[in-house]
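Positions are given from 1 along the sequence. Excluded from the calculations below are hydrogen atoms, water molecules and symmetry mates; all remaining heavy atoms, backbone and side chain alike, are included.
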Amino acid sequence: MKKKTDTIAAVTSRRDIIFIIIFLAFVLIVWLRLSALPGPRPVQVPRVDGVIHLLDFDFENDVQIISGFENYDSWPQHLYTPEDFAAGIPGQPQILDWPDYRKVEELQYATHRLTLRMPPGENYAISMKTAVYAQRLFINGEEIGSVGVPAMTREEYVPNTREHTYFFSTSTERVEIILHTANFVYGKSGCNPPDSVTIGSAENVNTRNRLASFFNALILGCLLTSFLYHLSLFLLNRRRVTTLLFSVCCLLLALMDKKLLFALWPDVSWYVEIHFEYLVHFFTFISAVWFVYRQFPKLLHKWVVYTYCTFAVLYSLTVASDTRFFTGILVYFEYVSIGMIAYIVVRFIMSLRHKRLVDVLGFVGILVLGIFAMNDILDNRLITTMFTMSGQQFTTPVGMVFFVFCYSLLIAIEYAETQRNEKMLAERNSLLLKLNQDKTEFLQDMNHELRTPLSIIASSITYAGIQIDENGDMPKVHEILEIARQETLRVGRMLEGMSKMSKMREAVENRQRLDLAALLRESAEAFRLKLEAQSVELYFDFARNLPDVFIERDKFVRVIGNLLNNAAEYTQAGSITVAAAHDHPYITVSVTDTGEGVASEIFPQLFERG
């Protein structure tokens with residue numbers, strides 16, 4: 001059964017691989033085109049002497065991206081207001097870096113200042129990535145807005161996380177942006193400023209936000225559609241557990257982007273949100289690993305999958321503890337998950353030696369998804385990553401969209417193979433029905449045919465017995481017994497025919513897949529010594545790439561042997577050629593000799609016995 005499955009997969013590969021490449025290329029082109037819609041160009045102007053100079057900045061076509069803590073003057077453990085700065089109260093600022101913000105017990109709130117020089121009299125906008133985890137914004141001495149309530153004590157502190165865009169204008173070239181940040185609840189980092197700030201004209205920032213929202217909605221739409229589609233497939237065929245697991249993966253990855261949560265539940269509290277976010281994070285990895293384990297049997301070691309899933313479930317239980325604890329230990333889970341991703345990719349690479357198309361598609365999909373997942377993990381640790389995507393807090397859902405297309409191709413391949421199998425089964429069923437019908441007709445004929453000879457035999461024996469008992473006409477007895485003997489022989493021939501019918505099934509079961517060229521060569525080589533003694537040359541003429549055949553070896557060898565024996569018997573000092581031609585779906589085998597041949601008048605009786 002396994003050999004048959006591998007054969008079907010190989011045929012599918014050869015037949016469909018070009019169309020699959022075209023499909024993936026088309027998807028890639030469309031995706032790249034959508035992700036490269038025209039919009040303002042992101043530019044990073046560096047800070048010089050404590051100021052980011054944007055007087056000559058092209059605000060018509062570009063937006064300024066501020067990333068990196070070196071752009072901020074910071075005052076840790078202080079919340080200074082614009083009035084404090086005007087009074088000269090703040091002391092010397094510090095330039096803090098990621099290791100400083102990791103000291104969550106020492107650094108719980110801070111003031112950060114950005115200083116820019118911009119053309120006055122224009123309308124500007126500033127868009128900030130999700131604040132960690134409470135923030136208040138001042139621009140040129142005026143409070144613009146806040147996320148949560150930053151404070152100097154945990155009792156007064158209110159955490160929250162949102163991505164906001166604020167609009168402002170300036171009457172002077174100097175623009176001073178002051179940020180209050182605070183964190184008493186998050187264990188991975190302290191009160192660092194947002195790691196990405198976009199500043200530009202109001203029109204360009206709005207355009208950039210719309211493009212980011214469109215791209216985000218496109219991803220969510222793909223994932224949610226895939227979730228509903230595969231869930232419906234599972235409901236229609238509940239034995240396909242992998243479709244349920246895949247639908248769960250799509251839903252969880254859609255929920256990883258908190259924009260969906262905020263859209264469904266705008267007033268959700270931060271504490272509910274952070275617990276929900278981490279549970280989604282853990283169970284996304286669990287469902288993805290379990291899906292790969294079920295979809296590709298024998299790819300992953302069972303003990304590795306069970307160990308990782310148990311580890312992830314135990315980690316998910318920590319969500320019931322204090323937020324600073326379970327957010328602080330997430331790093332260990334992420335490092336183990338990176339190892340698990342690498343293990344899955346290596347196992348897929350090892351499976352590619354079988355050259356199965358489903359393994360190749362699975363490898364490509366998992367590789368892309370794994371790269372995006374590792375990108376998120378590293379980016380979350382503020383480690384330089386391969387790429388970032390505007391408007392995306394997590395890029396894993398983007399990788400999942402690509403994997404959705406790969407998995408859709410897997411389903412299409414399975415469907416095509418199922419169709420081929422069903423066609424093959426239908427043909428076999430038709431053959432079996434025909435054989436069964438022939439058998440029924442044969443038994444009916446035998447029942448009819450046997451009735452007459454058995455009746456004759458019974459009456460003849462009865463008559464002979466009577467004549468013997470009465471010392472009757474003995475010549476007549478002999479005549480009657482001869483008739484009975486002839487009828488008995490006829491019954492024997494009928495029974496022999498029935499025996500041949502019963503052996504038909506055995507003959508089918510004795511068939512096996514064989515290399516035709518090798519079998520023909522092996523059969524012919526057995527006659528080489530005899531042919532050399534007769535000065536007869538033996539040649540082979542086989543078509544290239546002869547396929548394997550499904551035959552009963554012994555009977556095939558017997559037929560070829562008979563042909564070769566006849567050819568050898570009537571050929572002297574000549575040659576014999578064994579040939580095989582392939583004209584799909586037929587294979588023609590011939591044995592040709594240079595002997596005297598067969599007289600034309602014998603042809604009508606060529607296949608008769610005797």
Side-chain angles (χ1 to χ4, degrees), residues 101 104 108-109 127-137 145-151 154-166 179-196 209 212-213 216-217 219-220 223-224 227 248-287 312-313 315-331 333-334 337 373 376-377 379-382 391-397 400:
Y101 292 115
V104 292
Q108 297 168 331
Y109 52 93
S127 181
M128 294 187 175
K129 194 174 180 180
T130 304
V132 183
Y133 260 93
Q135 172 183 286
R136 184 181 294 113
L137 173 66
S146 63
V147 177
V149 179
R154 184 161 187 172
E155 290 72 23
E156 298 175 337
Y157 166 81
V158 178
N160 206 339
T161 174
R162 289 289 190 277
E163 187 168 348
H164 280 290
T165 298
Y166 305 97
L179 288 168
H180 289 172
T181 60
N183 172 34
F184 290 90
V185 293
Y186 195 61
K188 289 196 301 183
S189 62
C191 52
N192 52 281
D195 56 357
S196 178
N209 288 343
S213 297
N216 186 73
I219 294 169
L220 290 179
L223 292 176
L224 291 176
F227 158 69
V248 171
C249 288
C250 292
L251 176 62
L252 291 175
L253 282 164
L255 292 173
M256 280 184 70
D257 193 324
K258 290 182 288 188
K259 294 183 181 69
L260 180 60
L261 176 63
F262 295 150
L264 297 175
W265 197 354
D267 299 324
V268 62
S269 73
W270 181 88
Y271 291 99
V272 172
E273 171 201 324
I274 196 69
H275 285 79
F276 178 81
E277 176 186 342
Y278 273 66
L279 285 174
V280 167
H281 188 78
F282 292 131
F283 283 100
T284 298
F285 277 93
I286 293 173
S287 60
V313 169
Y315 244 86
S316 68
L317 296 178
T318 64
V319 175
S321 63
D322 182 74
T323 56
R324 295 187 71 170
F325 174 73
F326 71 76
T327 57
I329 64 172
L330 179 67
V331 59
F333 175 78
E334 291 175 337
S337 297
D376 282 342
I377 292 173
D379 184 65
N380 200 34
R381 315 285 342 148
L382 291 187
Q392 284 298 118
Q393 182 180 359
F394 295 106
T395 59
T396 302
M400 188 63 186

Note: Pro150 and Thr181 closest approach over all heavy atoms is CB-C, 4.3 Å

Is there side-chain contact between Pro194 and Leu179, with at least one heavy-atom pair below 4.5 Å? yes

Is there a side-chain contact between Val147 and Glu163 (heavy atoms, below 4.5 Å)? no

Check Leu279 against Ser316 and note the closest heavy-atom contact, atom names and distance. CD2-O, 3.9 Å

Nearest 0.5 Å, please: how far is CG in Leu224 from CG in Leu251? 7.0 Å

For Met128 versus Leu137, what's the shortest heavy-atom pair and its separation? CE-CD1, 3.7 Å

Could I get the full list of ring-ring contact (aromatic ring centres under 6.0 Å, His included) partners for Phe283, not counting sequence neighbours? none

Exercise: identify the closest heavy-atom pair between Asn209 and Thr165: ND2-OG1, 2.9 Å

Quick one, Phe184 and Pro159 - any side-chain contact, counting heavy atoms below 4.5 Å? no

Rounded to the nearest 0.5 Å, what separation is found between the CG atom of Leu252 and the CG atom of Leu223? 10.5 Å

Name the orientation class of the two ring planes belonging to Phe282 and Phe333 (parallel below 30°, tilted from 30 to 60°, perpendicular beyond 60°). perpendicular

Answer yes or no: is there a side-chain heavy-atom contact under 4.5 Å between Thr323 and His275? yes

Just say parallel, tilted or perpendicular for the rings of Tyr166 and His164, cut-offs at 30° and 60°. tilted

Tyr157 and Ala151 have their tightest heavy-atom pair at N-CB, 3.8 Å

So which heavy atom on Leu253 is nearest to which on Thr284, and how close? CD2-CG2, 3.7 Å

Sequence neighbours excluded, which residues qualify as side-chain contact (heavy atoms from CB on, under 4.5 Å) partners of Ser321? Thr318, Phe325, Phe326

Go through Ile274 and Glu277 one step at a time and tell me if the side chain to side chain contact (heavy atoms under 4.5 Å, CB included) criterion holds. CA-CA 5 Å; Ile274 196 69; Glu277 176 186 342; 3.8 Å; yes

Is there a donor-acceptor contact under 3.5 Å from the side chain of Tyr315 to the main chain of Ile329? yes

Could you state the interatomic distance from OG1 (Thr161) to CD (Gln135), rounded to the nearest 0.5 Å? 9.5 Å

